[in-house]
Amino acid sequence: MSEPLLEVVGLSAGHGDAVVLEDVSFTLERGEALALLGRNGMGKTTLLTTLMGLTRVHGGTMRFAGRDLAAAPSHARDLVAMPTHARARAGLGWVPQEREIFPSLTVEENLTAVDVGGRWSLERIWSMFPRLKDRRANMGGQLSGGEQQMLAIARALMLDPALLLLDEPMEGLAPLIVQELFRIIREMTRSGDLAVILVEQHAHQILPLTDRALVLERGRVVHLGDSAPLVEDPHRLDRWLGVAGAPTLGDMPAETTP
Ligand SMILES: Nc1ncnc2c1ncn2[C@@H]1O[C@H](COP(=O)(O)OP(=O)(O)O)[C@@H](O)[C@H]1O
Ligand SMILES: [Mg+2]
């Protein structure tokens, strides 16, 4: 069998001396979609920023696309840790919780500014994000929150990632935009050539879009398994997520079958 796209083994990391993630291990295959779940403050964002090289790694290993992102401290970790921009070039795409776009460039300029000539041409972006196509001449700063989120995702795609990290992309958006983002994320996860780690508070909404689910509790992995059984029995998530994991009436996306 070929090497997984991402292999995290015994990872401990945090902010300064505070250790947030403890002994986190998981793998991700090419094209696979992983739901990263857990209540507020459990370490989801820290795991994504650790993959991007923005936290302090205390131990463990991360291999991405055949390269070590950080080796164990005994191997002079600080000397070999790959810088964030190099991780992006190696194929790690990241859409942070605070949608970062260029407000004084047009939508189209936001995209062409980062075009690396990869698999996501402007045409392919326009067909996936028709709303952005309509707004192509508008300044980034003139867009609604939902449109800015779409632009942030589209921009990450222009960098041609093998793995896209999405941190609560639906947070604070209007229901209509949320439905549109579901469609976009569903298209991305089914395209087969893009792996996705998707952080979301509302587990039941994203489980149908993902292959597997990882649940963090106080920085530790308390569950890692296929998403399908959790879709059929969402209350299994209650013990880790409380009410956030359970569906409420009329809250399911309209089309969830794979
Ligand atoms: N920049 C930071 N400096 C210090 N502590 C942080 C920082 N960011 C997050 N934390 C702490 O790390 C823990 C995990 O936070 P986070 O990864 O943001 O959780 P989640 O994304 O699951 O809500 C929390 O206790 C939080 O207070
Ligand atoms: Mg977070």
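We count residues from 1, following the sequence as given. For ligands, and for the atoms within them, numbers begin at 1 and follow the listed sequence.
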Next item on the list: Any atoms of ligand 1 less than 4.0 Å from a non-hydrogen atom of N40? List them with their elements.
Entry: 23 (O)
Note to self: Quick one about T46 and H15 (side-chain donor to acceptor, distance below 3.5 Å, no hydrogens or angles considered), yes or no?
What the structure shows: yes
Next item on the list: Would you verify that at least one protein heavy atom lies under 4.0 Å from atom 9 (C) of ligand 1, or report that none does?
Entry: yes
Notebook entry, point to check: Should V20 be counted as touching ligand 1, given the test is an N or O pair under 3.5 Å?
Noted result: no
Notebook entry, point to check: How many angstroms lie between CG in L151 and CD1 in I101, if you round to the nearest 0.5 Å?
Noted result: 5.0 Å
Next item on the list: Enter the distance from L122:CG to L111:CG here, rounded to the nearest 0.5 Å.
Entry: 6.0 Å
Margin query: Using a strict threshold of under 4.0 Å (side-chain N to carboxylate O), is an ion pair present between R119 and D160?
Written below: yes
Check: Distance-only, no hydrogens or angles: does the K44 side chain make a donor-acceptor pair with backbone N or O of R39 under 3.5 Å?
Finding: yes
Note to self: Out of all atoms in ligand 1, which are within 4.0 Å of some heavy atom of M42? Include the element for each.
What the structure shows: 19 (O), 20 (P), 22 (O)
Check: Does the protein put a heavy atom under 4.0 Å from atom 18 (O) of ligand 1?
Finding: yes
Check: Any N/O/S atom of N40 sitting less than 2.8 Å from the Mg ion (ligand 2), backbone or side chain?
Finding: no
Next item on the list: Just go through G41, G219, G16 and tell me whose heavy atom is the nearest to atom 13 (C) of ligand 1.
Entry: G41
